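Structure first, then comments.
All values derive from a computational prediction rather than experimental measurement.
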Amino acid sequence: VLVVEHDEDIIRSADQIIDLGPGAGSQGGEIIAQGSLSKIAKSKSLTAEYLNQNNLIEIPEIRRKSKLKIFLKGCRENNLKNINVDIPLNSLVCITGISGSGKTTLVKEILYPSLLKEKGIFKEKPGEFDEIGGNIDEIHSIEYIDQNPIGTSSRSNPATYIKAYDDIRNLFSVQKTSKQFSLKPKHFSFNVDGGRCDECKGEGEIKIEMQFMSDIKLKCELCKGKRFKKPVLQVKYLGKNIDDILNMTIENAYNFFKSNNQNKISTKLKCLIDVGMGYVNVGQSSSTLSGGEAQRIKLASFLLKGKNKENTLFIFDEPTTGLHFHDIKKLLKSFNYLIEYGHSIIVVEHNIDLIKSSANADEARKKLIDKYSLTEIQAKAIVEMRLRQLTGLEQGKLRDEYNGLLELIKDLNDILNDEDRRMSIITEELLEIKEKYGDERRSVIEFAGGELSIEDMIPDEKVVLTISH
């Protein structure tokens with residue numbers, strides 16, 4: 001079995017791993033490491049950094065709390081069992097669950113069409129439910145960002161979608177050679193006649209339709225795949241013609257325009273880099289982009305509008321599909337940017353790193369207290385330990401930590417109120433750690449200002465618990 005995959009559990013379970021990199025696009029294409037998990041972990045790749053926890057997607061220190069919400073009551077479409085749902089606004093909300101549990105039904109078939117209907121937009125009839133309400137007036141528009149292609153034409157590309165290509169065409173039209181040939185911005189477009197190649201119509205290739213086989217695409221003989229007529233290709237900006245720009249990666253183009261103070265263009269390209277799309281070419285045809293890449297390009301277009309756009313509810317359908325750990329970190333940063341400007345995000349997702357970044361730890365703690373009659377301190381410890389497990393740390397290593405800390409918590413009040421008892425417990429804990437782990441482990445336990453702080457260090461992992469009196 002050969003699997004192309006980013007999922008950590010699949011990677012750790014593989015008999016043999018081949019890690020390509022070191023980057024994406026023109027910065028990739030090399031085998032960084034090949035072999036067992038232990039061999040991959042010793043390499044200097046981004047994958048190894050995340051597997052070793054040297055680089056990781058942190059659990060948010062502060063959880064957003066919003067009084068604004070949308071509620072749905074009596075949802076019973078397909079397999080939904082007459083459920084009621086509250087969805088906070090101005091937050092990152094994750095809808096998760098096993099495949100077939102009803103996530104898409106809830107979001108795509110009930111929530112999305114019913115919100116559009118409330119705004120006077122009628123696209124599809126919502127699934128069966130009783131009522132929608134809450135702070136709907138706080139939302140001015142709803143965007144469902146799926147993995148459909150970014151354009152209907154194969155000539156559309158990342159630069160045209162985010163409107164950066166308009167600025168690039170304007171830049172080339174004011175060059176000295178353009179004025180000599182009376183070239184306008186429209187002549188640098190491959191969507192209209194004038195500057196584009198007459199033979200391939202700006203495609204750069206000719207499609208030959210086959211009756212019983214797949215169509216064949218051949219490089220255009222007239223323009224040699226460059227899409228434009230010779231006068232257009234003679235126009236250069238700092239030694240680069242329009243074809244050179246279109247064949248640059250987004251990241252290289254950003255650096256090129258940024259270093260030459262073309263900030264309007266570089267700002268737009270930066271949004272594509274922020275969502276992990278720096279490796280694709282500026283003029284790469286939309287028909288060659290994956291569904292996940294198309295979804296991230298759509299996200300980039302909203303990042304550009306983010307600060308000025310009215311409050312919007314964004315709905316994403318599994319945006320982490322095909323993303324490396326490092327790209328997911330960039331994606332979360334983009335989500336947070338949108339939320340900071342007053343927008344709301346709902347994500348249908350299975351990825352643990354995204355789930356833990358949206359999960360409400362306070363709610364989880366309250367449920368533990370109510371269900372198991374735990375103290376606030378015990379519940380907090382369990383939730384924090386569980387969230388740390390979700391980062392990918394091996395459960396076997398954490399089990400001892402988990403049990404040991406709970407035992408310590410049981411006697412916490414006695415420890416805090418009795419100095420001799422407190423020092424005795426700390427001494428015993430240190431001796432146990434030394435006996436069990438030897439020099440491989442160290443523990444720092446401090447008591448100050450009514451707080452007991454325990455910091456245990458084992459190779460490749462760190463567990464910290466702070467308990468207030």
Modelled atom types, side-chain donor and acceptor of Tyr279 and Glu293, under 3.5 Å:
yes

To the nearest 0.5 Å, how far apart are CG in Asp274 and NZ in Lys330?
8.5 Å

Rounding to 0.5 Å, atoms CG (Asn351) and CG (Leu332) come to a distance of 8.5 Å

Salt-bridge test for Glu205 and Lys219: reply yes if a basic N is under 4.0 Å from a carboxylate O, no otherwise.
no

Does the distance from a Lys or Arg side-chain N to an Asp or Glu carboxylate O, for Asp167 and Lys268, drop under 4.0 Å?
yes

Distance-only donor-acceptor check, side chains Thr249 and Asn281, under 3.5 Å:
no

Taking all heavy atoms of Cys197 and all of Leu222, pick out the closest pair and write down the distance.
SG-CD2, 3.8 Å

Does any donor atom in the side chain of Asp166 or Asn170 lie under 3.5 Å from an acceptor atom in the other side chain?
no

Looking at every heavy atom in both Asp243 and Gly225, which two are closest together, and how far apart are they?
OD1-O, 4.4 Å

State whether Asp130 and Arg76 are salt-bridged, where the test is any N-O pair (Lys NZ or Arg NE/NH1/NH2 against Asp/Glu carboxylate O) under 4.0 Å.
yes

Atom pair NZ/OG of Lys184 and Ser178 - distance to nearest 0.5 Å:
9.5 Å

State which residue, out of Phe302, Tyr341, Phe316, fulfils the ring pair (Phe, Tyr, Trp, His ring centres under 6.0 Å) condition with Phe335.
Phe316

Please check if atom CD in Glu124 has more than 12 non-hydrogen atoms from other residues, nucleotides or ligands closer than 6.0 Å.
no

With under 30° as parallel and over 60° as perpendicular, where do the rings of Phe257 and Tyr237 fit, or are they tilted in between?
parallel

Can you tell me if Asn191 and Lys201 form a side-chain donor-acceptor pair at under 3.5 Å?
no

Look at the side chain of Asn247 and the backbone N and O of Asp244, then say whether any donor-acceptor pair between them is shorter than 3.5 Å.
no

Member of Leu106, Leu313, Ile315, Ile346 meeting the side chain to side chain contact (heavy atoms under 4.5 Å, CB included) criterion with Tyr112:
Ile315

Examine the side chains of Thr320 and Glu349 and answer whether a donor and an acceptor come within less than 3.5 Å of each other.
yes

For Thr288 and Gln284, which I'm curious about, is there any donor-acceptor pair between the side chains at under 3.5 Å?
yes

With sequence neighbours excluded, residues passing ring-ring contact (aromatic ring centres under 6.0 Å, His included) with Phe325:
Tyr50

By the side-chain hydrogen bond (donor to acceptor under 3.5 Å, both in side chains) test, which pairs, at least two apart or in different chains, include something from residues 80-96?
Lys69-Asp86

Using side-chain hydrogen bond (donor to acceptor under 3.5 Å, both in side chains), reason through His324 and Thr47 one step at a time and then give a plain yes or no.
CA-CA 8 Å; His324 187 271; Thr47 304; 3.0 Å; yes

Charged tip of Arg227 within 45° of Phe190 ring normal and under 6.0 Å
yes

Distance-only side-chain donor-acceptor flag, Asn148 / Asp146, under 3.5 Å
yes

OG (Ser45) and CD1 (Ile32) are apart, to the nearest 0.5 Å, by 7.0 Å

Could you check whether any side-chain N or O of Ser182 sits under 3.5 Å from a backbone N or O of Gln180, counting only pairs where one atom can act as donor and the other as acceptor?
no

Other residues, nucleotides, ligands: >12 heavy atoms within 6.0 Å of Lys298 NZ
yes

Quick check for you: to the nearest 0.5 Å, what is the distance between Ile17 atom CD1 and Leu37 atom CG?
5.0 Å

For the CD1 atom of Ile328 and the CG atom of Leu323, what is their distance to the nearest 0.5 Å?
5.5 Å

Which is it for Lys229 and Asp198 under the salt bridge (charged side-chain N to carboxylate O under 4.0 Å, His left out) test, yes or no, and what are the steps along the way?
CA-CA 8 Å; Lys229 296 175 181 177; Asp198 292 329; 3.4 Å; yes

